[in-house]
Amino acid sequence: MTIVLTPYWANGVQKLKVIPRGESPTPPSPTTPLSRNPHIMLTVMNPVSALRPAPARLAHGLTPPALDDSVHSVRCLAQLRSKDRNIEKYIYLTQLKDAEPNMFYKLCVDNMAEITPLIYTPTVGDACLQFSHIYRRPEGLYISIKDKGKIGEVLRNWPRIDEARISVVTDGSRILGLGDLGVNGMPISIGKLSLYIAGAGIRPSSTVPICLDLGTNNQKFLEDPLYLGLRQPRVPMEEMNEFMEEFMFEMSRTFPNLLVQFEDFATDKAFAYLSAFRNRYPVFNDDIQGTGGVVLSGFMNAAKLSSIASGRPLSDHRILFLGAGSAGVGVAQQLMSFFKLQGLSQQEARERIWLVDSQGLVFDKRGKLAEHKLYFSRKDYDGPPMTDLVDIINYVKPTALLGLSTIKGAFNEPVIKTMSELNPRPIIFPLSNPVRLSECEFTEALEWSNGTAIFASGSPFPEQEFNGKMHYPGQGNNMYIFPGLGLGCILSKVKQVTDGMVEAASLGLANSLTPEEKELDLVYPKIERIRDISAEIARSVIRAAQKDGADGAPELKVMDDEALLRYIKSRMWNP
Ligand SMILES: NC(=O)C1=CN([C@@H]2O[C@H](COP(=O)(O)OP(=O)(O)OC[C@H]3O[C@@H](n4cnc5c(N)ncnc54)[C@H](O)[C@@H]3O)[C@@H](O)[C@H]2O)C=CC1
Ligand SMILES: CC(=O)C(=O)O
Ligand SMILES: [Mg+2]
C-alpha cells in the first residue's frame, strides 16, 4: 500500500488519504460517510507533527456520547496535574499535542504560566537530555552531515512546504546551559515553536522545527545505545561552513517565505552564521538578538526603579556581565542602545559595560581574546588578572549584575551583599538556563539584599513574600521577544531582520507594562498577556521593517497604527 500524503481540511480537521498502489490520489469528498468511503480515511489532528496519521476520530460512534470540548479541557488539565514529575508532564503534553493539537494549544493559551515551564525552560532542558530515551513519534526535520550535497531533497520531504513560514533551527551544540546535546537538541526547536503558536498565534502548520546533526562531542551520548543521532564527533568548522551554506541556500529555495531562527548554536558558530547569513536571508539568532532584546527591555524598566531609589541618572548605570558567550555579548551589544537613548555616544556607552568570563575580567592586556569579546574588552585596566567576582564588583562598582555564565550559585551571598552595599536597589539578573544553572535563586537574592534586589531570571521562580511584602520575579527570557518578532516578520514578509527591528521589539516590550504591573515593580509584563504583547511587538517590528526598507508587504504601510494592530490580531491563529 502506498501512503499518499495529500492533506486537506474538512470541518476544521486535516485529513490524509491512504491509497492502494496505482489508485488515483484524488481525495474523496469529506462528506462521504466513512463506511462507504472506498478509501481508508484517516484524521490527522496535529498539523505540526502530522508525519504519521492518528487513528480515526470524531465520526459518530467513535467518541463517547458526552465528550464535550470544554469539559475535556478540564479532564486534560486534571490528567496533566496528576503527574508528579515534570518530565512526565512534558511527555503527556507531547502526546496531547500529537493527538489533539487544538486541545494542547488551548491548554497552553489558557494556562500560560503553568504550562510554559513544562514545554519550555526548565523542563525542556530535561527533555533534551533524555530525548533519545523518551522519543516516541516523529516531529520536525532532521538534516545530517550525511545529507550534504542533497539537502534540498531532504527538505522537500516536509509535508507542508507551501505553508511554511517560520523555522527554528538548532545544531544542538549548546542547548541552554547544558552543552553539546547533539540531535537531542530537537525539543528546543519544538518548544520554541510551540511558544510561537501559543504566544503569538502563528499557525501550527506553518512551523518547521529543525535539528541539524553534525555529530556530537558528547561522549556519554556517543556511548548510549539509544542515542538517536549520528555516532560520530562533530565535523570540523570548515566542513560545517559548507554544510550551512548549502542548507541555507536550499532552505530559501524550498521555503521561499520562511523566517529562520538560529537557536542554541555554540558561541563561535552562533556569531559566525549570524554574520554570514543575516544580509542574505531572513534570519536572526535568538540567543544573541532575542536575548539582547528581552534584557534591554527588562533593564530599561529595572534601571528606572533603581534610579528612583538611588537618585542617579539613567545614564550613570554600570553593567557587569558574568559570562561573555553568545548570550552575554549579544545582550551587551543590545544594551548599548539603552545608553545611547540617554544621549551617550557609542564610546561612552561601551565604557558602561564590563565583561567577566571563566578567566575573570576581560581586558586588553590579559592576552589573546576570542573575537566576540574584543569590542567590550576593557582598555582602561592593566593590572593583574582579576578573577574574584567580589573584587571585580568592588573595582567596577556596577549598578547591575547580569549572569549568562551557566554557573549555578555564582551570585552567592558575598556577591549579592556587595551589590547591595553599593546600591540601594541593585539590579540582579541571573539569566542562565535551565533553572538549576541559575546564578542564584529568587529567595537568595531577596534574603541577601534584604528585599531590595530588582530581579529577573532566565527560568521562572515563584513569587515570594519577604518582610511582609510580596515580591515578583521577572522572567528575562527571549520567549517574550521571539514570538512577536516572528509574527511581525511573517506578516510584513521581511527580506532581512535588521537591528532596528530587534530594538523595536525590545522597546515594544518595555512599554507594554500596565499601571498595575508598574505598581508591583514588575520589569516584565505578566506572561498571561503574551498574546496582546506579541501583537504590540509585531506592530513595532513591522513599522521598523518599513522604516529600514526590509518589508515586503506594502499594503501594511497605508494602515494607521490602530488598523495595523487590528489586522495583526485578526491574523493570529486561535485554537
Ligand atoms: N535568559 C535567556 O533568555 C537566555 C539565557 N541564555 C543562557 O545563557 C547561558 C550562556 O549561554 P551562551 O552565552 O550561549 O554560552 P557560552 O557557553 O558561550 O557562554 C558562557 C560564558 O560564561 C563564561 N563562564 C564559564 N564559566 C565561568 C566562570 N566560572 N566564571 C565566569 N564566567 C564563566 C564563559 O567563559 C563564557 O563566556 C546559558 O545558560 C543559556 O541558557 C542564553 C540565551 C537566552
Ligand atoms: C532561553 C534560551 O534561548 C537559552 O537559554 O538558550
Ligand atoms: Mg537559546
Side-chain angles (χ1 to χ4, degrees), residues 116-117 120-122 124-125 128 168-181 185 187-189 191-192 195 261-272 274 284-299 320-334 354-362 366 369-373 376-377 385-389 392 401-412 415 429-439 456-461 473-483 506 509 524:
T116 304
Y120 187 54
T121 183
V124 75
C128 288
V168 175
V169 178
T170 185
D171 74 336
S173 54
R174 190 286 278 149
I175 295 295
L176 305 176
L178 302 167
D180 180 355
L181 301 190
I188 208 78
S189 296
K192 295 259 175 188
L195 290 188
Q261 168 171 331
F262 285 150
E263 189 67 46
D264 288 6
F265 283 70
T267 288
D268 51 344
K269 297 173 184 131
F271 281 108
L274 177 62
F284 72 100
N285 181 295
D286 185 39
D287 299 292
I288 299 172
Q289 296 165 289
T291 316
V294 84
V295 179
L296 170 61
S297 165
F299 183 80
L320 179 62
F321 284 85
L322 185 74
S326 61
V329 172
V331 172
Q333 286 168 347
Q334 197 64 60
W354 287 257
L355 301 181
V356 175
D357 64 11
S358 55
Q359 314 288 309
L361 185 71
V362 176
R366 196 178 86 177
L369 291 169
E371 171 113 13
H372 64 275
K373 297 177 191 170
F376 291 105
S377 168
M386 213 189 273
T387 52
D388 181 75
L389 189 53
I392 297 172
L401 181 59
L402 274 52
L404 292 139
S405 67
T406 75
I407 304 297
K408 180 185 167 48
F411 296 174
N412 56 22
V415 165
F429 283 8
L431 297 166
S432 287
N433 295 317
V435 81
R436 79 177 105 101
L437 298 181
S438 185
E439 285 81 2
S457 53
S459 298
F461 283 104
Q475 192 176 355
N477 191 296
N478 46 37
M479 70 176 186
Y480 271 109
I481 288 280
F482 64 74
S506 178
L509 176 61
Y524 291 104

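Order of listing sets the numbers, starting from 1, for every ligand and every atom in it. All values below come from the heavy atoms of this structure, side chains included, with hydrogens, waters and symmetry mates left out.
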Looking only at side-chain N and O atoms, does T121 offer a donor or acceptor that is under 3.5 Å from a partner on S459? yes

Quick one: does D287 get within less than 4.0 Å of ligand 1, heavy atoms only? yes

Taking the side chain as every heavy atom from C-beta outward, state whether T267 and V329 have any atom pair closer than 4.5 Å. no

Return the CG to CG distance between L320 and L361, rounded to the nearest 0.5 Å. 8.0 Å

Contact check, N477 vs ligand 1, heavy-atom distance below 4.0 Å: yes

If you take all heavy atoms of P483 and N478, which pair is closest and at what distance? CD-O, 4.3 Å

Can you sort out which atoms of ligand 1 are near T267, meaning under 4.0 Å from one of its heavy atoms? 14 (O), 16 (P), 18 (O)

How far is atom 31 (C) of ligand 1 from its nearest protein heavy atom, and which residue and atom is that? D357 O, 3.2 Å

Determine, stepwise, if the pair L431 / T291 fulfils side-chain contact (heavy atoms from CB on, under 4.5 Å). CA-CA 9 Å; L431 297 166; T291 316; 5.7 Å; no

Not counting sequence neighbours, which residues clear side-chain hydrogen bond (donor to acceptor under 3.5 Å, both in side chains) with Q289? List them please. none

Could you tell me whether the side chain of L176 reaches within less than 4.5 Å of the side chain of L437, counting heavy atoms only? no

Working for side-chain contact (heavy atoms from CB on, under 4.5 Å), residues D287 and E263: CA-CA 6 Å; D287 299 292; E263 189 67 46; 3.3 Å; yes

Run the side-chain contact (heavy atoms from CB on, under 4.5 Å) check on M479 and Y120 step by step: do they pass? CA-CA 9 Å; M479 70 176 186; Y120 187 54; 3.7 Å; yes

How far is atom 44 (C) of ligand 1 from the closest protein heavy atom, and which atom is that? T291 OG1, 3.0 Å

Which residue supplies the protein heavy atom nearest to atom 42 (C) of ligand 1, what is that atom called, and how far is it? A327 CB, 3.5 Å

Contact summary for P430 and A456, nearest pair of heavy atoms: CD-O, 3.0 Å

Side-chain contact, heavy-atom cut-off 4.5 Å: F376 with V362? no

Among all protein heavy atoms in this structure, tell me which lies nearest to atom 3 (O) of ligand 1, with the distance rounded to 0.1 Å. N478 N, 3.0 Å

Can you name the atoms of ligand 1, numbered from 1 with element, that are less than 4.0 Å from a heavy atom of G323? 21 (C), 22 (O), 23 (C), 37 (O)

For atom 38 (C) of ligand 1, what is the nearest protein heavy atom, given as residue, atom name and distance? T406 CG2, 3.5 Å

Heavy-atom proximity to atom 33 (C) of ligand 1, best of G325, S358, G476: S358

Heavy-atom distances under 4.0 Å decide this one: backbone, side chain, both or neither, for L322 against ligand 1? side chain

Could you tell me if the side chain of Q261 sits less than 4.5 Å from the side chain of F482, heavy atoms only? yes

Heavy-atom cut-off of under 4.0 Å around ligand 2: list whichever protein residues fall inside it, by chain and number. Y120, R174, L176, K192, E263, D264, D286, D287, N433, N477, N478

Is it the case that the side chain of S173 and the backbone of A266 share a donor-acceptor pair, with hydrogens and angles ignored and the cut-off at 3.5 Å? yes

Taking all atoms of both residues into account, what is the closest heavy-atom pair of Q475 and G458, and its distance? NE2-O, 3.0 Å

Ligand-side contact atoms (ligand 1) for residue partner G177, heavy atom cut-off under 4.0 Å: 38 (C), 39 (O), 41 (O)

Return the option from G292, S457, S432 holding the heavy atom at the smallest distance from atom 7 (C) of ligand 1. S432

State which residue, out of L178, I188, V168, fulfils the side-chain contact (heavy atoms from CB on, under 4.5 Å) condition with D264. I188

Would a 4.5 Å heavy-atom cut-off, applied to side chains only, mark N477 and Y524 as touching? no

Under 4.0 Å, heavy-atom basis, I'd like to know which part of Q359 is in contact with ligand 1: side chain, backbone, both or neither. neither

To check your reading of the model: name the closest protein heavy atom to atom 37 (O) of ligand 1, its residue, and the distance in Å. A324 N, 2.8 Å

As a test of the contact definition, would atom 15 (O) of ligand 1 count as having a protein heavy-atom neighbour under 4.0 Å? yes

May I ask you to list the atoms of ligand 1 that are less than 4.0 angstrom from any heavy atom of G458? 1 (N)

Looking only at non-hydrogen atoms, find the nearest pair between R174 and S326 and report the distance. NH2-OG, 3.9 Å

Among all protein non-hydrogen atoms, which one is nearest to atom 10 (C) of ligand 1, and what is the separation to 0.1 Å? L404 O, 3.4 Å

With 2.8 Å as the limit, count the protein N, O or S atoms near the Mg ion (ligand 3). 3

A side-chain contact here means heavy atoms from C-beta on lying under 4.5 Å apart; do Q359 and P385 qualify? no

F429: ring pair (Phe, Tyr, Trp, His ring centres under 6.0 Å) partners, not counting sequence neighbours: none

Taking non-hydrogen atoms only, is I407 closer than 4.0 angstrom to ligand 1 via side chain, backbone, both or neither? side chain

What atoms of ligand 1 come within less than 4.0 Å of a heavy atom belonging to L176? 38 (C), 40 (C), 41 (O)

Pair L389-F411, side-chain contact (heavy atoms from CB on, under 4.5 Å): steps then yes or no: CA-CA 9 Å; L389 189 53; F411 296 174; 4.2 Å; yes

For S326, counting its heavy atoms only, list the atoms of ligand 1 lying under 4.0 Å from any of them. 12 (P), 13 (O), 14 (O), 18 (O)

Who's the nearest protein heavy-atom neighbour of atom 25 (C) of ligand 1, and how far? S405 O, 3.7 Å

